[in-house]
Amino acid sequence: MTSPLFRGWPRRAGPHLAVRVAHAALGGAAGFVWLVLPGMTPPADAPVAIITPSPAGGTVGTAAATDGDETSGADLVLPVAVVGAAGALAGYGYVRRRRRARSRTAPGAGRPGAPRAADAEAAAPGHGDGEAAAPGHGGGEGDGDGVPGLVDAENRLLAAREELAFAEARGGPEAVAPWTRAVRDAEAELASAYAMRQRYDEGVPADAAERRHVLAGIAGRCQEVVRTLDAASAPWSVQAAQLPGALEVAEARFRELTARTTAVEATLSALHARYAPAALDAVTGYPELAKDRLVLATTELNGARQASDLGRPTEATGHLRAAEGAIARAGVFLAETDRLARDLTGAARLVPAALTGAEAELAAHRAPAPAEGAPPPPAAPLLLLHADAVLAAVRAEVTSGRPYDPLELLRRVVRATEPLSAGESGVLAAAAHLAAADSLAAAEAFLATHREGVRVTARTRLAEARRLFARGNAATQADRVRADDLAREARASAEQDVRLRGHQPAGAQQRPDGQMA
């Protein structure tokens, strides 16, 4: 099943070379038939000599064949010209096709994830504001944005989390405690790198030399992330003797998710009957995508079993890791659907209380009622007028009887009152927290399941949203609103990246034979 996100992608152009060759062959065949057909057709009448008396009493004899000999040279000119022209056109088309093919298949061109020309130019020294990638880091190592290693480091971290979950299921939390600590250390290091990138995007520092130092610092932190993860995961790589147990753990997780798929599909159907379609855009198609990943997991698990039985542990381990990756992503798709169902239910309950809390916040800013005979109060500030209009529209939507998106209604209430809020209403803080948590979860799930196609800008915005949200009780309502905005921006940017750049199949892993699962 294909996700709606990827429908309508442009397909590769048709076989133009084959069409040109067919045209040339047709022209040549027509010319050949024109040449040989007169010789193969028997004449209807034999040439007859015509005798005419001459003025001198003699005779002059002519034959029809003589006229044919005189005109045969002229008859050959047109067919030969047609064949020659067809050949010339075919050759020209062939040369053009070869040139275009070479330009399209140059290293890095047209590959999913390849940096665009504009990005490469912007990252080169002497372009933009003058910053360049740190020496020895290849101008970004695949990030496509002149930021060395961020994409690679985060993808490695996401994969490590998946591997850690299966290792913990095999040996228990205590056995993998060192690996767990290493993953947390890598997360902190990567968060610092993304904070540097966020400030870099905001133009801090402004000096070109200092900006180059920032890129070098980001690259160093990314290298530390990869080094930390590699060192911690090495002791937990599956050995030949551990293959049977590792396969049992993966197969048990596979059966659990397969059994959950039907229930999640029923949950999504119920949500569609209760809420507006826009409320479910983030998870539309997720059960089908989970099924796709489970089908891939079946193939890889079978491959691992066969390779293990044949005594090829390295190949079996590669199949096993590919199966674990597919199973992990299927779990994300199903868990995200259930998570959204819970958030929508909570938001629907919170909307009436949020409206009441917003009215209380606005009441503190309203002028007291004028005394009898006093002049009328000044006109309400524009912010109050806007907030009143938003609250009235939300209340009308809730009471209309039509399906609505409760999370979006909470966002509207929070944003309308945030400039006037003094923190007097705890319900508004709870509404802002729920809305931001929903956006963060949706963006993180999309990144985890489509990470091969997501660029560094979307990841940076998501990291900044995560940083603001992590302040917890210390976060202000403005922080939560900003985190919500950044997470939604990150999700939209990531979706655009995947649509424009393509993606590898979710859950694909490189096996020891060099092939992608």
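We're numbering straight along the sequence, starting at 1.
Taking both residues in full, the closest heavy atoms of A328 and F166 are given as CB-CE1, 4.4 Å, listed atom of the first, atom of the second, then distance. When all heavy atoms of T228 and A182 are compared, the pair lying nearest together is CG2-O, 3.7 Å. Between A431 and V414, the shortest heavy-atom distance links the atoms CB-CG2, 3.8 Å. In this structure, H319 and A304 approach most closely via the heavy-atom pair CB-N, 3.5 Å. Residues L410 and L350 share a closest heavy-atom pair of CD1-CD2, 4.0 Å. Scanning both residues, V249 and A169, for their nearest heavy atoms gives CG1-CB, 3.7 Å.
Residues P313 and L243 meet the side-chain proximity criterion, which asks for heavy atoms closer than 4.5 Å. Taking the side chain as every heavy atom from C-beta outward, T258 and F254 approach each other to under 4.5 Å. The shortest distance between side-chain heavy atoms of V214 and R199 does not fall below 4.5 Å. A 4.5 Å side-chain heavy-atom check between V390 and T417 finds every atom pair outside the cut-off. The shortest side-chain heavy-atom distance between L340 and L407 falls under the 4.5 Å cut-off. The closest side-chain heavy-atom distance from R274 to P406 is not below 4.5 Å. Looking at Q477 and R415, their side chains never come closer than 4.5 Å, going by heavy atoms from C-beta outward. Residues L280 and T337 form no side-chain contact, since every pair of their non-hydrogen atoms from C-beta on lies 4.5 Å or further apart.
A side-chain donor-acceptor contact under 3.5 Å links R211 to the backbone of P205. When atom types are taken as modelled, the side chain of R395 and the backbone of L355 share no donor-acceptor pair closer than 3.5 angstrom. Side-chain atoms of T399 come within 3.5 Å of backbone N or O of A396 as a donor-acceptor pair. The closest donor-acceptor contact from the side chain of S237 to the backbone of S233 lies at 3.5 Å or more, if one exists at all. At distances below 3.5 Å, not a single donor-acceptor pair connects side-chain atoms of D438 with backbone N or O atoms of L434. Panel note: side chain Q242, backbone Q239; a donor-acceptor pair is recorded below 3.5 Å. When atom types are taken as modelled, the side chain of R170 and the backbone of E248 share no donor-acceptor pair closer than 3.5 angstrom. R451 contributes a side-chain N or O that, together with a main-chain N or O of A448, makes up a donor-acceptor pair within less than 3.5 Å. Using modelled atom types, one side-chain atom of R491 and one backbone atom of A442 make a donor-acceptor pair closer than 3.5 Å. R459 places no side-chain N or O within donor-acceptor distance of the main-chain N or O of L150, the cut-off being under 3.5 Å.
Of the charged side-chain nitrogens involved, at least one lies within less than 4.0 Å of a carboxylate oxygen, so that E224 and R227 count as a salt-bridged pair. Remark: R329 does not engage E324 in a salt bridge, criterion side-chain N to carboxylate O under 4.0 Å. Under the 4.0 Å criterion applied to side-chain N and carboxylate O atoms, E300 and R293 are not assigned as salt-bridge partners. Under a 4.0 Å N-O distance rule, the pair R467/E187 does not qualify as a salt bridge. Contact check on R339 versus D343 returns a salt bridge, with a Lys/Arg side-chain nitrogen under 4.0 Å from an Asp/Glu carboxylate oxygen.
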CA sep, side-chain torsions, deciding dist, call: R482, E464, salt bridge (charged side-chain N to carboxylate O under 4.0 Å, His left out): CA-CA 9 Å; R482 177 61 176 159; E464 180 67 9; over 6 Å; no
Please walk me through it: do V398 and V351 pass side chain to side chain contact (heavy atoms under 4.5 Å, CB included)? CA-CA 8 Å; V398 171; V351 167; 3.7 Å; yes
Might you work through the side chain to side chain contact (heavy atoms under 4.5 Å, CB included) test for R466 and E444, ending with a clear yes or no? CA-CA 10 Å; R466 195 182 296 120; E444 288 177 338; 2.8 Å; yes
Please report the C-alpha distance between R321 and E163 in whole Å, then the side-chain angles of each, then the deciding distance to 0.1 Å, and finally whether the side chain to side chain contact (heavy atoms under 4.5 Å, CB included) criterion is met. CA-CA 8 Å; R321 181 63 198 107; E163 296 178 56; 3.2 Å; yes
Test side chain to side chain contact (heavy atoms under 4.5 Å, CB included) applied to L447 and L462, step by step: CA-CA 9 Å; L447 173 60; L462 178 57; 3.9 Å; yes
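Note that the OG1 atom of T299 and the CG atom of L294 stand 11.0 Å from one another [nearest 0.5 Å]. One distance of note links CD of Q198 with CG of L468; it measures 8.5 Å at 0.5 Å rounding. Atom CG of residue L409 and atom CG of residue L391 lie 11.0 Å apart, to the nearest 0.5 angstrom. Rounded to the nearest 0.5 Å, atoms CD (Q223) and CD1 (I218) are 12.5 Å apart. In this structure, CG on L296 lies 9.0 Å from CG on L301, to the nearest 0.5 angstrom. Note: E408 CD to E397 CD = 9.0 Å, rounded to the nearest 0.5 Å.
Applying the ring pair (Phe, Tyr, Trp, His ring centres under 6.0 Å) test to pairs two or more places apart or on separate chains, those with a residue in residues 453-476 are H433-F469. Judged as a salt bridge (charged side-chain N to carboxylate O under 4.0 Å, His left out), not a single pair has a partner in residues 346-356 (not counting sequence neighbours).
The salt bridge (Lys or Arg N to Asp or Glu O under 4.0 Å) search around D201 returns R197, R461, not counting sequence neighbours. Residues satisfying the ring pair (Phe, Tyr, Trp, His ring centres under 6.0 Å) test with Y286, not counting sequence neighbours, are F333. E174 pairs by the side-chain contact (heavy atoms from CB on, under 4.5 Å) definition with nothing, not counting sequence neighbours.
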Could you pull out all donor-acceptor pairs under 3.5 Å where a side-chain atom in residues 188-195 meets a protein atom, sequence neighbours excluded?
from	atom 1	to	atom 2	distance (Å)
E189	OE2	R221	NH1	3.0
S192	OG	A188	O	3.2
Y194	OH	E154	OE1	2.6

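Residue H213 places its NE2 atom among 12 or fewer non-hydrogen atoms of other residues, nucleotides or ligands, all under 6.0 Å distant.
There is a side-chain donor-acceptor pair under 3.5 Å between R411 and S439.
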